[in-house]
Amino acid sequence: FQTIRSIGNYDRSKGFLPNATLSRWEMPAYFDLLATEELITTIDSKNDTRTRELSDSYIIPNGICSMMDVPVRIEGRMVGLICFEETKNIRNWDVAEQKFGLTIAQIIALTLETHARQQFKAQLEDALEEKKVLLREVNHRVKYNFELISGVLRLQADTTSNQETRLALETCRDRLTGMANIHRLFYQGEHNGIVSLRDFIMDICSHFKTIYTADEIVLNTLLDPVQLSISKSLLVGIIINELLANAQKHAFALQQKKTVSVQLQHLGNAALITVSDNGNGGDSGKTTQTLTEELVTRLNGTITTTTSNGYTCKIRFPIK
């Protein structure tokens, strides 16, 4: 610090006085002393070697006899100075007065620190609210784009006369709808970069239970608690959505009891997801298989499938 400017200069008999300014270049030794001392007391201030630099510019003009200067520090950094000055007689500052000065300095330091923290907290809250507003806007635009592309695919499917093309467009639209649902389920909650994969999968399965009801398909879940990053959770969500949609379309022929199961197991540093059905045991189709394998690769995981006693797909991937 190079300058000390008073913000309150009070005399018991005269009231408030004009504020004063002290500069390091005029009194360097005194400023160095403030940087190291907890308390500076002088009985004969104008002749004391520690405060003699202040004599001509400050002590004599203000008629000061004795001084007690207490630096105010926050985390070791000096942020202010409290000056007690006797202008009538020589004063020998006793222990009680010194403790009083130190206590006042501590109270002021605590007040300043609390105020600074409150300001910082308010800034963080403002920044967080701004982030939430921007995130809501981004999510709204993503939702709008999903709906727009879905509408275009539906119109294209309705206007084409080729049955194979119509089926491909409808499949793409179904996948897009599933991704839109995953996006909605994920971003409608609060998170800090890590989400509960069990809750996330449960939300997806709840959506499919409603769809499965019309086809008399029972969806069972057995999910261990697993914490996973946002990016990996989204990939897992798309995979499960793809497998559950495929089971509805291709797994069952004339079965009386149609069952689909989703299981999540926590295996230490890895997770294992099993999606199975008691259907006809046919594979999931080339498109679904290719898409699922690509997403599993992005998870740095492995995938195995079996077609005995229905269809079973096991996906294992690292949590970290």
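For the pair E242 (side chain) and L291 (backbone), a donor-acceptor distance under 3.5 Å is absent. The backbone N or O of L155 sits less than 3.5 Å from a side-chain atom of T159, completing a donor-acceptor pair. Panel note: side chain E75, backbone R77; no donor-acceptor pair is recorded below 3.5 Å. Checking side-chain atoms of T213 against main-chain N and O of K209 turns up a donor-acceptor pair under 3.5 Å. The main-chain N or O of T302 is never found under 3.5 Å from a side-chain atom of R316 such that the two would form a donor-acceptor pair. Proximity of a side-chain donor or acceptor of E293 to a complementary backbone N or O of T290 within less than 3.5 Å is not detected. Not one N or O on the side chain of H140 forms a donor-acceptor pair closer than 3.5 Å with the backbone of V142.
In this structure, OG1 in T21 is found 10.5 Å from OH in Y58, a value given to the nearest 0.5 Å. For the atom pair SG (C205) and CG (L244), the distance works out to 5.5 Å, reported to the nearest 0.5 Å. The CZ atom of R198 lies 7.5 Å from the CG atom of L223; values are rounded to the nearest 0.5 Å. Separating the CG atom in N220 from the CD atom in Q263 is a distance of 11.0 Å, to the nearest 0.5 Å. Taken from CG in L39 to NZ in K99, the straight-line distance is 12.5 Å, to the nearest 0.5 Å. Going from atom CG of L267 over to atom CZ of F317 covers 10.0 Å, rounded to the nearest 0.5 Å.
More than 12 non-hydrogen atoms from other residues, nucleotides or ligands lie less than 6.0 angstrom from CG of D199. Counting non-hydrogen atoms of other residues, nucleotides and ligands closer than 6.0 Å to CD of E130 gives a total of 12 or fewer. More than 12 heavy atoms of other residues, nucleotides or ligands lie within 6.0 Å of CD in Q227, so this atom counts as buried by the packing criterion. Within 6.0 Å of CD on E137 lie more than 12 heavy atoms contributed by other residues, nucleotides or ligands.
Follow the hydrophobic side-chain contacts under 4.5 Å out from L33 and you reach F31 in the same cluster. Under the 4.5 Å side-chain contact rule for hydrophobic residues, F100 and W93 share a cluster. Under the 4.5 Å side-chain heavy-atom criterion for Ile, Leu, Val, Met, Phe, Trp and Tyr, L295 and L272 are members of distinct hydrophobic clusters. By the rule that hydrophobic residues join a cluster once side-chain heavy atoms approach within less than 4.5 Å of another member, M68 and I40 end up as members of separate clusters. The hydrophobic cluster containing M202 also contains I230, counting ILVMFWY residues as joined when their side-chain heavy atoms lie under 4.5 angstrom apart, directly or transitively.
Between F252 and N278, the closest side-chain pair of non-hydrogen atoms falls below 4.5 Å. Taking 4.5 Å as the limit, some side-chain heavy atom of K232 sits within range of a side-chain heavy atom of P318. Residues D277 and I217 fail the side-chain proximity criterion, which asks for heavy atoms closer than 4.5 Å. Put simply, the side chain of Q118 reaches to within 4.5 Å of the side chain of T114, judged on heavy atoms. Counting heavy atoms from C-beta on, the side chains of V70 and I104 never come closer than 4.5 Å. Inter-residue side-chain proximity for L112 and V79 is flagged as met; some heavy-atom pair is nearer than 4.5 Å. Within the 4.5 Å cutoff, the side chain of D48 has no heavy atoms near those of the M67 side chain. The shortest side-chain heavy-atom distance between L264 and V236 does not fall under the 4.5 Å cut-off.
Of all non-hydrogen atoms in Q248 and D215, the two that sit nearest each other are NE2-OD2, 3.1 Å. Taking all atoms of both residues into account, the shortest heavy-atom contact from A109 to I74 is O-CD1, 3.7 Å. For the residue pair S233 and V195, the shortest heavy atom distance occurs at OG-CG2, 3.0 Å. The nearest pair of heavy atoms linking S55 to K46 is OG-O, 2.9 Å. Scanning all heavy atoms of the two residues, the minimum distance from E38 to P71 falls at O-CD, 3.3 Å. Taking each heavy atom of L81 and M78 in turn, the nearest pair found is CB-CE, 3.9 Å.
By the 4.0 Å N-to-carboxylate-O rule, R24 lies close enough to D32 to be salt-bridged with it. Checked for salt-bridge contact, E37 and R50 miss the test: no charged N lies under 4.0 Å from a carboxylate O.
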Subject >> side-chain contact (heavy atoms from CB on, under 4.5 Å) between N269 and I319, worked out >> reply: CA-CA 6 Å; N269 294 325; I319 294 176; 5.8 Å; no

Original post:
Would I59 and T51 satisfy side-chain contact (heavy atoms from CB on, under 4.5 Å), going step by step from the backbone distance to the final call?
Top reply: CA-CA 9 Å; I59 294 176; T51 54; 4.2 Å; yes

Original post:
How far apart are the C-alpha atoms of E85 and N62, what are their side-chain angles, what is the distance that settles it, and do they pass the side-chain contact (heavy atoms from CB on, under 4.5 Å) test?
Top reply: CA-CA 10 Å; E85 300 163 348; N62 290 287; 5.7 Å; no

**OP:** Quick one: do C313 and I303 satisfy side-chain contact (heavy atoms from CB on, under 4.5 Å)? Show the steps, please.
**Re:** CA-CA 7 Å; C313 178; I303 179 172; 3.6 Å; yes

**OP:** Could you walk me through whether D69 and Y30 pass side chain to side chain donor-acceptor pair (under 3.5 Å), step by step?
**Re:** CA-CA 11 Å; D69 294 347; Y30 175 70; 2.4 Å; yes

